[in-house]
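Shown next, in structure tokens, is the structure this report addresses.
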Amino acid sequence: MLTEPQIQRYARQLLLRDVGERGQEALGAVLVEVALPDDVAAAAAAYLRAGGTEVHGPSIAGSPWAPTPPLLESSPPRRLDVVAAPAVPERSGVIVGSDAGRVVLWSLGETGCRACLLDRARGLAPPDVRTGVQVGSLVALLVQRRALGLASPIEGLEVSPGGETSTLAARPCPHRPPVVPEAVLRALLDHLTSALPDEGCAVLVGREDHVRLVPMENAQAAHHARDPAAFPRTARTAFSLEPRAWLGLLREADRTGERVLAVAHSHPDGGTHFSGEDRRWAAPDGQPLLPGVAHLVVAFSGGRPRTARWALWSDGDFLEIDCPLPSGS
Amino acid sequence: MWSPGVTPDARIDITAEVCPMTFVRTKIALERLPIGGVLEVRLKGDEPLRNVPESARDLGHTVLALEPRDDGTWCLLLRREGPQC
């Protein structure tokens, strides 16, 4: 609960729908570390301190605002870092940079994807300090939105050379694998097990809230039998989605508004990694054949699934991430 | 409009306050109640009489009653509504 002096001090803010007593406590539970050029840092610190948030940093000594006493003395403050490009906050915080005369600000929350932030902030130069007060106020806005729980996992603002502020659109995160319900994962493992000793394959399709498994036939055996010169590998060491089934699946997904989320296949020999062969298939010319589609490799040994790894296209290469298997599988 | 059957969960007296503290007190008192809780606000004068019920309504809370008292003050009964209020 706020004390009487705090209620008096922050009365105008307490009136705001998004603040109130709990919001004011949240603003006071944040410690902001600012590493920005002097003018921007001083302006940001002034706005933040006026709002009840404590600010530390080497370059804010000139701020006319006295440090605020912490609102919540007992709980450890949540820390947000505000940095100048090309630096990037370690965990959550704000990055300020410039690009062709524009000032660009990105804010990252605890649940935001840091790889996405790195993608978005790539190539940003250190901020131009001529617009110190305006940019400082936007830094404070992004920090306060974060403290109040109003911010998206990643959100951005830009200031045009003419001084106009606009929001920057978020993009779907390509660095996180789809969330697959355990029952679907078990059905996938059963299907891949039934294909042994060959590689098995399947496709996961769905929407955000619903994922389903489409078991696929491995057409590699037929390809190899028909044209062993063009398809030297057998189905023991390679997979190929059966073309008509694959086309039918794409058409159906198009009709139902679903999306292909992932292509899964097995390595019966225990290989846990997205292999060179897998990479050549998934990105034949260094570009992903199926943009936005994840790959899942399930490694078998002794006839049982042992490990699974996602391969996600990120910044010119596949990034591998463990996929926990259901217990008892 | 009077709801004699309703027992308030909390009471505040803002007869000595001026704007904006009249509604600041009311808003904080509402936020400290569980959803569905009833707050009795004792108020006095034209400004709070006009603004306090209206501001509470703007935030989504319900005005249950507003009644004059013999001593020249008013008694306002508010019900705290959803978490977004």
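Side chains included, hydrogens not; waters and symmetry mates left out as well; all remaining heavy atoms used. Throughout, a chain's letter reflects where its sequence line sits, starting with A, and its residues are numbered from 1.
- Taken to the nearest 0.5 Å, the CE atom of B/Met21 stands 8.5 Å off from the CG atom of A/Leu15.
- By the neighbour-count criterion of 12 heavy atoms within 6.0 Å, atom CZ of A/Arg102 is densely surrounded, having more than that number from other residues, nucleotides or ligands.
- Between A/Glu21 and B/Arg32 there is a salt bridge, since at least one side-chain N of the basic residue sits less than 4.0 Å from a carboxylate O of the acidic one.
- Counted within 6.0 Å of CG on B/Asp71, heavy atoms from surrounding residues, nucleotides or ligands total more than 12; the atom is thus considered enclosed.
- Counting heavy atoms from C-beta on, the side chains of B/Leu59 and A/Arg17 come closer than 4.5 Å.
- With rounding to the nearest 0.5 angstrom, the CD atom of A/Gln24 is 9.5 Å from the CD1 atom of B/Ile28.
- By the neighbour-count criterion of 12 heavy atoms within 6.0 Å, atom CD of A/Glu110 is densely surrounded, having more than that number from other residues, nucleotides or ligands.
- Within 6.0 Å of CD on A/Glu90 lie no more than 12 heavy atoms contributed by other residues, nucleotides or ligands.
- Salt-bridge annotation for B/Arg25 and A/Glu4: present, with a side-chain N of the basic residue lying under 4.0 Å from a carboxylate O of the acidic one.
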